[in-house]
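As structure tokens, the structure follows; a few thoughts come after it.
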Amino acid sequence: ADKMLLKTPIAFGSHLPALGTPIVWVADQLKLVTDGKMKMKIYEPGKLVSPPEILDAVSSGKVNSGYATAGYWQGKMPAAAIFSAVPFGPEAGEYMAWMYYGNGLKLYQEMYDTSGFNVKVIPCAIISPETSGWFNKEINTPDDLKGLNMRFFGLGASVMEKMGVSTSQLPGGEIFGALEKGAIDASEFSQPAIDQRLGFHKIMKYNYFPGWHQQATIFELLVNKDAWGKMSAGQQATVENTCKASMTNAIAEGEAMQFPVMAKAKENGVEIRYWNDTMLAAFEEKWGEVVDEKSAADPFFKKVWDDLDTFRTGYNLWESNAFLPRSR
Amino acid sequence: MDANEIMVIAMFLSFIALLFTGIPVAWVLGGVGIIFAFIGQFADANLDTMTGLDYTTLGLVVNRLWKIMDNWILVALPMFIFMGIMLDKSGVAEKLMHSMQELFGRVRGGLAVTVTAIGIILAASTGIIGASVVLLAVMSLPSMTKQGYSMPLALGTIASAGTLGILIPPSIMLVIMADQLGLSVGDLFMGAVFPGLMLGGMYITYILIYSYVKPNAAPVPEDAKAVTWPVVANVLKAVLPTLLLIFVVLGSIFGGFATPTEASGVGAMGATLLAIYNRRFSIPVLREVMGGTLNTTAYIFAIFIGATCFALVLRELGGDELIESFLTGLPFGPYGIIFFILGVIFLLGFFLDWIEITLIILPLLAPVISALGLDINGYGVVDNPELVWFVMLVAMALQTSFLTPPVGFALFYLKGVCPPNVKLKDIYKGVLPFIGLQLIALFILVFWPQLVLWLPAIAYAK
Amino acid sequence: MTENDTLPSVPLADKIDRFIQRIGMSVAWCYVLLVLVIILQVVLRKGFSNGLIVLEELQWHLYAVGVMFGLSYAQTTNSHIRVDLFYSHFRARTKHIIEILGILILVLPFIFIIFAHSLDFFYDSYRIGESSQSPSGLPYRWVIKGVIPVSFALLGLAVLSRLYRDIVLLIRGE
Ligand code: NA
Ligand code: NA
């Protein structure tokens, strides 16, 4: 068919900068580039199906495509987390290098194939670091963390638990109320520009950086494989290249919008802090333990991890020499 | 009119018509959804439509059903129902109601006022209408019937007091709205406090006036005595354990010991302890409470499940676009537009539930409202004050949707727990004045935005 | 609780209904368990600063079991809510006919669609050994997903029992 409609449920509201806006951009561009022959109809989270169900819906052909992040599927495939965001992991440039010019993308598709999901995966946005979370007291030593109740998501949560934090995973809308009432003591959620919308700066004093748990996050467009097979080579290339362009667009947008928000938070009395070396070392050590456990439990996780690790070891020679140190 | 619009309207009309046959609401919602999915598939094949509906697509209903199952917030519903039935079966509820009536002495309407007051307290601990309505009904309907209340007044009071929870924080509706529009949940919660309390106050005022004018509607007991200090002391002694329970539930939330969801479990435990304290607890009572909770929770969720199927198909047929087209290009001034929008929401509320309306139209309306250039004072603290205020208007209008026939969920839940001789017609009649009160409250909010905005500004000023 | 307008006895349908109600009453203990789990979670978290994601997830697991198995229970007690504006004035015969048509045209297709699709939904989860998205959550997610086909099969049985009852009563002229 020379006309094509992608029905695309998305995992983040399209009003959320960087999390949701890139796929709107993709939909607009697809239509422009193809003179209206290809269209993408976006369904806000929950309208057709809620975010954690997108993979199942696309794979079974209930919809022909979906936009999410692989971290959502780590209950189904532990390795999925590595294709979404990696603690102490690569920044955007290095991540894309591994994805497109290392084995990343190949392993990414292999993961879905070997798990029996009938989907074609295309990385379709990448965003800059998240914050490490909001606290009401200074955290200088690992002891300061012990006994806190904190909202934390994904692989980072395993690290926090090893630090003696008891974690929960409240959805975005629930966090503010829980913090305000003291049901939890601290929380991470996303980047400054997103956290600001949830209003954390109104009740929390310290915002900690860097987001060691999420230096870069990749978002994916999933296309049902049967639907993908029915597309012409030109249509397939159009989707793939629009998504690749979206990676550029999303990182640019994400990088541009954080600092004004942080400046405003500072004005409102929020203290922006950078983890001291002790804390960062402690997080990294615990992360090492988590990786060992995950690798032992799941062979595919180990395979992907080893590949990424090898790539990063090689990249390090370049990285440690090529870039200027960062000023603070 | 194009084929999509015809199908959407036909779907609505079939739904309403089948509703009146008396087939259970849940099954009408689900069944009509399935039938129209196949009509959509037929239209795709034979007419110029692109609904994409077919047998495979309908599988999304299972994904949506699963999201109802793994929803941690809804855990509160069976817990509050458990609590209500336990209070009823153990006689605690009746004792509480009796004592409160004594406190009102010869003033008429005391029980109904008590119900509203408990409704406000419940509203502050949960936002789940089904839970509040059922809990209030099992606690108070037997007492009100015994005292000879007119059925419509009793039922209207329960249904309206039970729906306060969607406005008074914590409220799942406000959480979803904040999420949809990128507003601060805190601002919305604080903003809803005065409107919610005002509405509760209006209910109470109405009940007192109505009972005064129509003494037969809310009789006082023959042996009612004037209120004296010893009476007050006796009442306090009698209700002390129950008050303690309420304090524990609310206190656990405000003290940060428990989330609202967990507080519901604390309440269920508390009610059980009260029953034990009153020597009314036994295994047969527990089994009765369990069975009642199982049954009541199930018929409420059956409606959720049917509705999720209906909504999915309605959306794929193009229902969203039809409603959108109503709301675009309005030829009125700013306040004209606001009244028109609220009017449409109020009318949609007759047929759709709040979550559908919210998902369809809120994102659509936010830019419209922002563009009106209204000068709403946020005291320099509240971000997007005009949106916060507008969301509160929408919330107030949507609260009405629980009460408006034919599709009013609070009415359905109430019907479920009433004795069989109570007919839906009595409930419809009972809620009418309360719907009127809500509309008045809505008008007040339109013209006094500070009722919404003052509290969040004070609460979060640095 | 209300006593629902009980329909005349039909032996086979009565037997099926009693069977479903027995299952329902056993499942209903999950609500008692739920109360205990919530209390445990609150005490652990606030008393010992040690809340557990496992307990958090166990809460909605228990709730979901209660909800889903309750559906067939409520069907046998005739508790699903009806708009009785006209219904209450219908003759018994009309009510039987409405019930039979409603079950055949609306209820059974709805149950079938959910049942059939839930088998794949369950099987996919089982095939890949799905567990919670949270690293410290509960394993064996397919168990709770399996509740959908099982509970809907029971609901289907309860509805068929009702269908049979109405057909018999219609023929008997009661
Ligand atoms: Na509430
Ligand atoms: Na309504």
Side-chain angles (χ1 to χ4, degrees), chain B residues 18-28 30-35 58-59 61-63 65-66 69-72 74-75 78-79 82 85 252 257-258 262 265-266 268-269 272 286-287 290-295 297-299 301-303 306 309 406 412 415-420 423-425, chain C residues 1-5 24-25 27-29 31-32 34-39 41-42 46 56-57 59-60 62-64 66-74 77 79-88 90 95 98-99 102-103 105-107 109-111 113-114 117-118 120-121 144-145 147-148:
Chain B
L18 285 168
L19 214 51
F20 287 119
T21 61
I23 296 166
V25 179
W27 310 145
V28 175
V32 168
I34 302 293
I35 290 172
L58 270 178
V61 177
V62 173
N63 301 81
L65 165 59
W66 168 248
M69 291 169 68
D70 85 347
N71 188 334
W72 191 47
L74 290 176
V75 171
M79 289 294 91
F82 189 107
I85 299 178
S252 65
F257 288 101
E262 290 165 348
V266 175
M269 178 56 102
T272 312
L286 180 64
R287 284 177 62 88
M290 280 160 38
T293 308
L294 185 78
N295 204 47
T297 308
Y299 70 66
F301 274 88
I303 296 185
C309 175
F412 295 155
K415 174 73 173 51
V417 274
C418 285
K423 297 299 172 210
L424 205 53
K425 206 166 65 187
Chain C
M1 262 318 77
T2 65
E3 288 308 314
N4 289 286
D5 46 322
M25 276 313 290
V27 169
W29 282 98
Y31 286 127
V32 177
L34 177 54
V35 176
L36 298 175
V37 170
I38 291 176
I39 301 295
Q41 165 80 342
V42 172
K46 273 298 159 179
E56 230 172 75
E57 293 192 350
Q59 288 172 29
W60 67 254
L62 287 168
Y63 134 94
V67 166
M68 296 303 287
F69 282 95
L71 293 174
S72 50
Y73 183 88
T77 56
S79 303
H80 288 293
I81 299 160
R82 303 167 188 271
V83 174
D84 63 1
L85 230 44
F86 305 116
Y87 187 75
S88 54
F90 293 156
K95 284 186 181 173
I98 288 179
E99 197 67 19
I103 287 174
I105 299 170
L106 298 171
V107 190
F110 178 61
I111 292 174
I113 291 278
I114 292 186
H117 280 288
S118 71
D120 288 337
F121 187 69
I144 187 74
K145 287 189 169 176
V147 165
I148 305 178

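Numbers restart at 1 for each chain; the letters A, B, ... are given by sequence-line order, proteins then strands. None of the values given here were measured: they were computed from a predicted structure.
Between chain C and the options B:Leu58, B:Thr272, B:Val61, the largest number of non-hydrogen pairs under 4.5 Å is found for B:Leu58. Taking B:Ile35, B:Val28, B:Leu65 one by one and counting their heavy-atom pairs under 4.5 Å with chain C, the maximum is reached by B:Leu65. Interface check for chain B: of the options C:Glu99, C:His117, C:Met25, the most heavy-atom pairs under 4.5 Å are formed by C:His117. Per-residue heavy-atom pair counts under 4.5 Å with chain B were compared for C:Ile105, C:Ile114, C:Leu36, C:Asp120, and the maximum is reached by C:Ile114. Of all the listed residues (B:Met269, B:Lys423, B:Met290), the one sharing the greatest number of non-hydrogen pairs under 4.5 Å with chain C is B:Met290.
At a 4.5 Å heavy-atom cutoff, the contact between B:Ile34 and chain C is made by side-chain atoms alone. For B:Thr21, the parts sitting under 4.5 Å from any heavy atom of chain C are the backbone and the side chain alike. The contact between B:Leu74 and chain C is made by backbone and side chain atoms together, counting heavy-atom distances below 4.5 Å.
By the 4.5 Å heavy-atom criterion applied to side chains, B:Pro24 and B:Tyr299 are not counted as neighbours.
Contacts of B:Asp70 classified as side-chain hydrogen bond (donor to acceptor under 3.5 Å, both in side chains), with partners at least two apart in sequence or in another chain: B:Lys67. The ring-ring contact (aromatic ring centres under 6.0 Å, His included) test applied to C:Phe90 returns no partner, not counting sequence neighbours.
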Practice problem: Decide side-chain contact (heavy atoms from CB on, under 4.5 Å) for C:Ile144 and C:Val147; before the verdict, give the C-alpha distance in whole Å, the side-chain angles of both, and the deciding distance to 0.1 Å. | Solution: CA-CA 5 Å; C:Ile144 187 74; C:Val147 165; 4.2 Å; yes
Practice problem: With side-chain contact (heavy atoms from CB on, under 4.5 Å) as the test, would you mind laying out the steps for C:Val35 and B:Met79 before giving the verdict? | Solution: CA-CA 7 Å; C:Val35 176; B:Met79 289 294 91; 3.6 Å; yes
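Using bins of under 30°, 30° to 60° and over 60° for the plane-to-plane angle, the ring pair B:Trp27/C:Phe110 lands in the tilted bin.
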